[in-house]
Q: 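First the structure, which I've put down as structure tokens, then a few questions once you've had a look.
These figures come from a predicted structure and were not determined experimentally.
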There are 2 protein chains.
Amino acid sequence: MRDVSIIGVGQTPVGEHWDRSLRELGVEAVRSALADAGLERPQALFAGNMLSGVLCNQENLATLLADFAGFPGVEAIKIEAACASGAAVVRAAQWAVASGAHDLVVAVGIEKMTDLGIDGITAGLATAADADYEAAHGISFTALNALLMRLYMERYGYSRADFAPFVVTAHENGVHNPQAMFRETVTVDDFLNSPMVADPISILDSSPVCDGAAAVVLCPSEQARSFTDRPIKILASATATDTIGLGPRKDPLWFEAAYQSAQRAYRQAGLQPGDIDFFELHDAFTIVSAMSLEAAGFAERGQGVRFALECNIHRHGKLPISTQGGLKARGHPVGASGTYQIVEAVNQLRGQGGANQVEDCRLGMTQSIGGMASVAVTHILGL
Amino acid sequence: MRDVSIIGVGQTPVGEHWDRSLRELGVEAVRSALADAGLERPQALFAGNMLSGVLCNQENLATLLADFAGFPGVEAIKIEAACASGAAVVRAAQWAVASGAHDLVVAVGIEKMTDLGIDGITAGLATAADADYEAAHGISFTALNALLMRLYMERYGYSRADFAPFVVTAHENGVHNPQAMFRETVTVDDFLNSPMVADPISILDSSPVCDGAAAVVLCPSEQARSFTDRPIKILASATATDTIGLGPRKDPLWFEAAYQSAQRAYRQAGLQPGDIDFFELHDAFTIVSAMSLEAAGFAERGQGVRFALECNIHRHGKLPISTQGGLKARGHPVGASGTYQIVEAVNQLRGQGGANQVEDCRLGMTQSIGGMASVAVTHILGL
């Protein structure tokens with residue numbers, strides 16, 4: 001297996017891009033990542049995406065992007081793993097490079113959600129649940145996560161206010177990220193007074209519906225320095241799954257797929273949670289942040305919220321998270337978010353984190369979660 | 001790069017499975033392939049599928065299948081490359097094994113098309129075209145292929161009757177395939193008198209809308225003989241793309257992606273068209289069969305139809321094609337067809353082709369095509 005490095009990254013701003021189509025967003029991110037790597041043309045283009053068929057009437061998405069990016073002939077495929085598609089595509093691109101099938105692959109995570117009304121989007125997102133046994137009953141992902149948050153508060157004795165640090169920190173970081181959708185701070189009072197969506201989940205517990213695309217260029221590590229003097233190594237990459245439905249789990253308050261995926265990544269890299277300098281986690285809802293911290297080994301069971309309350313997640317804390325605003329403030333274009341996390345981790349490791357730069361960081365971890373944590377993809381990146 | 005072999009294959013019958021759900025079809029094919037390999041559990045499950053989101057409200061498909069097949073924890077992702085998804089998924093699984101990421105991967109191609117009415121299916125299939133510049137105008141894939149067939153007949157001087165051998169041969173082969181959707185012969189008269197869909201394409205030029213799933217198990221070639229005494233080697237695997245739209249092509253009567261993908265496969269395997277013993281081609285429409293024979297190097301430009309008229313494509317001909325009925329008679333559950341082709345090629349190479357066994361075959365080629373041949377995936381398999 002050849003070691004694989006990231007030699008270029010690119011991203012579009014995240015937001016409601018009424019004036020830009022699916023293909024335009026994808027091509028912008030791809031070209032930006034290639035320019036960053038000093039490359040004109042990759043050998044293959046992989047697209048990570050969840051909902052282009054359902055929301056934009058467009059499958060064959062990777063072919064479309066390869067065509068409009070101007071790469072006639074290149075190999076192109078789409079990877080789908082629900083909201084973890086943007087991380088799964090980087091993992092698939094890594095196999096293609098590690099196996100020797102290709103030397104230069106661009107992986108782009110992309111989602112255009114706003115072309116449909118909110119009912120259509122909610123139904124689209126529900127395709128990540130079990131269509132026959134969950135979604136058919138009308139439960140949305142916000143409602144599913146609300147069940148978890150209520151149970152978590154009951155079992156571990158937290159109030160809604162205890163979840164505020166996740167939101168306040170994400171928005172603080174978003175302010176300094178020019179690509180973020182929300183660049184304003186949020187106070188604890190704002191959080192507590194924000195409109196309820198599915199009790200106890202309010203609008204400010206939730207990441208936004210939005211559009212965006214992010215891309216990375218991969219090559220064998222042994223060739224990386226001919227493209228850049230700051231290649232970032234993929235030290236670990238691991239995916240795991242759980243039951244697709246929330247119902248059959250022994251303990252709904254445990255993200256087994258996120259745990260397994262993190263454990264596999266630690267083993268691959270020969271590292272432990274304490275070695276990680278920052279963590280781009282999947283803060284789709286505040287409850288997901290808390291449970292991700294636990295599943296990835298940074299907090300004990302039931303202590304994810306306490307970990308945040310004790311100021312560990314700030315930029316100068318023990319484990320900075322969502323360093324460029326996370327899904328909450330940067331935004332959550334679902335199939336793209338996993339790639340955004342990796343782009344942001346690369347920027348941190350390169351020392352290009354701007355006002356949100358994590359000091360002395362050498363090892364960053366990203367974890368992207370799909371469905372009700374039924375699939376999770378973890379990467380560990382390093383210098 | 002580790003060499004990769006196929007150690008197990010499985011398939012469901014192809015047809016209108018009103019009594020079986022998406023997950024049931026997938027699990028049946030996966031379990032059948034694993035049983036064939038003597039395995040209980042793979043390390044990863046990859047699903048090739050085009051339309052589960054659009055037609056069945058189900059994304060996160062690979063997680064669903066891993067869950068219901070009884071493999072908690074395994075890695076799972078879905079691969080989409082329009083109607084070539086079923087071949088692209090085998091290619092992706094091959095990278096995962098070749099790279100060393102996994103030793104045992106099951107790749108399942110799956111499609112459940114019949115849960116929606118025909119208008120919904122036609123619209124779903126049109127997501128493989130350019131949504132903004134082709135499908136938005138209402139043109140269907142049958143109509144796009146009718147344009148090609150008309151032009152082909154005009155330019156090269158063929159009549160509709162000249163396309164009959166593709167249909168007659170496919171149905172002859174389908175009769176002996178217990179998994180085929182259509183197991184009855186078709187005469188030239190039947191073909192000529194069949195109802196027109198989009199002139200000059202009639203119902204018998206076209207492959208049917210249907211459901212099905214097929215699966216293969218892959219492992220490193222060096223381990224293959226510990227599972228089976230008849231492993232089949234993947235000698236080549238290559239994908240190429242063309243413009244997604246038919247409009248921008250220099251010559252619409254040339255499948256450049258199919259050509260490039262075949263050329264890359266020949267180079268990888270160190271082979272030429274004359275070395276291939278049989279060819280599972282993408283006979284979604286008769287015109288696609290003709291143009292695939294030309295793109296893959298078996299016939300000169302404009303001679304694909306003549307090649308069939310000269311009886312080369314029969315089981316005892318120079319190049320048997322669609323040996324188990326092809327997309328036309330076995331059926332074309334779109335995202336599954338590429339995997340069916342590979343399963344059928346494996347069976348031929350093992351000598352398990354039944355009444356349709358190709359004699360003395362040692363090298364088989366499969367080619368799966370997506371969209372208006374905007375993406376093509378070619379495999380060469382051998383003993």
Q: Please check: side-chain N/O of Glu75(A) versus main-chain N/O of Ala240(B), any donor-acceptor pairing under 3.5 Å?
A: no
Q: Return the orientation label for the Trp95(B) and His102(A) ring planes: parallel under 30°, perpendicular over 60°, tilted otherwise.
A: perpendicular
Q: Where on Ala257(B) is there a heavy atom nearer than 4.5 Å to chain A: the side chain, the backbone, both, or neither?
A: neither
Q: Is chain A contacted by the side chain of Ser21(B), its backbone, both, or neither, given a heavy-atom distance below 4.5 Å?
A: side chain
Q: Decide yes or no for Phe68(A) and Thr243(B): does some side-chain heavy atom of the first lie under 4.5 Å from some side-chain heavy atom of the second?
A: no
Q: So if I apply the side chain to side chain donor-acceptor pair (under 3.5 Å) rule between Ser374(B) and each of Asn60(A), Thr63(A), Asp67(A), which one comes out positive?
A: Asn60(A)
Q: Calculate, to the nearest 0.5 Å, the distance between atoms NZ and CE belonging to Lys78(B) and Met50(A) respectively.
A: 9.5 Å
Q: Whether the side chain of Glu59(B) engages the backbone of Ala82(A) through a donor-acceptor N/O pair (distance < 3.5 Å, no angle test) should be reported.
A: no
Q: So which part of Cys83(B) gets closer than 4.5 Å to some heavy atom of chain A, the side chain, the backbone, both or neither?
A: neither
Q: Can you check whether Gly53(B)'s main-chain N or O pairs, donor with acceptor, with Glu80(A)'s side chain at less than 3.5 Å?
A: no
Q: Do side-chain atoms of Thr241(A) reach the backbone of Val74(B) as a donor and acceptor pair under 3.5 angstrom?
A: yes
Q: Pick one of side chain, backbone, both or neither for Asp242(A), based on which atoms fall under 4.5 Å of a heavy atom in chain B.
A: backbone
Q: Give a yes or no on whether the backbone of Ala131(A) and the side-chain of Gln58(B) come within a donor-acceptor separation of less than 3.5 Å.
A: yes
Q: Does any heavy atom of chain B fall under 4.5 Å from the side chain of Ala135(A), the backbone, both, or neither of them?
A: neither
